[in-house]
Amino acid sequence: MSKRNLPTYAIVELLMRLAQHNSTIGDYKDHSVYDEGVMVKTSAGTVRFPLTLIMQQFESPELVSDAVLLSIASSFKPLR
């Protein structure tokens, strides 16, 4: 999937949900799509999402569990 075809607002929604678990996540700035997932740049650092998670947020956000969000939030890499 190309960057243009990825629903950016689903990424922004995920970031808002992640902020409930890690308030230092920051605001969406940009993203890049790779074979292994999506690297999202925020105002405070970077976080990786599996492409499947972004599509799940887009199609059925109620199925994205807090456990998954907590795991992603804990992998956030702040700017140095």
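Note that the structure is a prediction, hence the values are computed from the model and not measured. The analysis underlying the following values was restricted to heavy atoms, covering all of them including side chains, and did not include hydrogens, waters or symmetry mates.
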For K77, all residues meeting side chain to side chain contact (heavy atoms under 4.5 Å, CB included), sequence neighbours excluded:
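K77 satisfies side chain to side chain contact (heavy atoms under 4.5 Å, CB included) with T46 only.
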
Between L79 and I72, is there shared hydrophobic-cluster membership here, with clusters defined by ILVMFWY side-chain heavy atoms closer than 4.5 Å?
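Different clusters: L79 never reaches I72 through Ile, Leu, Val, Met, Phe, Trp or Tyr contacts under 4.5 Å.
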
Return the minimal non-hydrogen interatomic distance between [X] and [Y], and the atom names on each side.
X	Y	result
V38	I11	CG1-CD1, 4.3 Å
S43	G26	OG-CA, 3.4 Å
I25	A44	O-CB, 3.6 Å

Run through the side-chain heavy atoms of Ile, Leu, Val, Met, Phe, Trp and Tyr, join any pair under 4.5 Å, and report what else lands in M39's cluster.
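Once heavy-atom contacts under 4.5 Å are chained together, M39 belongs with Y34.
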
For Y28, which of V40, T42, L14 qualifies under side-chain contact (heavy atoms from CB on, under 4.5 Å)?
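Result: among V40, T42, L14, V40 is the only option passing the side-chain contact (heavy atoms from CB on, under 4.5 Å) with Y28.
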
Side chains of F76 and L18: does their closest heavy-atom pair fall under 4.5 Å?
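Heavy-atom side-chain distance check fails, nothing below 4.5 Å.
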
Non-neighbouring partners of S71 that pass side chain to side chain donor-acceptor pair (under 3.5 Å), sequence neighbours left out
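Per chain and number, S71 pairs via side chain to side chain donor-acceptor pair (under 3.5 Å) with no residue.
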
Output every pair passing salt bridge (charged side-chain N to carboxylate O under 4.0 Å, His left out) with a member in residues 65-74, not counting sequence neighbours, ordered by first then second residue.
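Salt bridge (charged side-chain N to carboxylate O under 4.0 Å, His left out) check on residues 65-74 returns no pairs.
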
Any salt bridge (charged side-chain N to carboxylate O under 4.0 Å, His left out) pairs touching residues 35-55, not counting sequence neighbours?
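Salt bridge (charged side-chain N to carboxylate O under 4.0 Å, His left out) check on residues 35-55 returns E36-R48.
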
Could you go through residues 53-65 and list every donor-acceptor pair under 3.5 Å that involves a side-chain atom there, pairing it with any protein atom two or more places apart or in another chain?
unit_1, atom_1, unit_2, atom_2, d
Q57, OE1, R17, NH1, 2.8
Q57, NE2, E13, OE1, 3.1
S65, OG, V68, N, 3.2

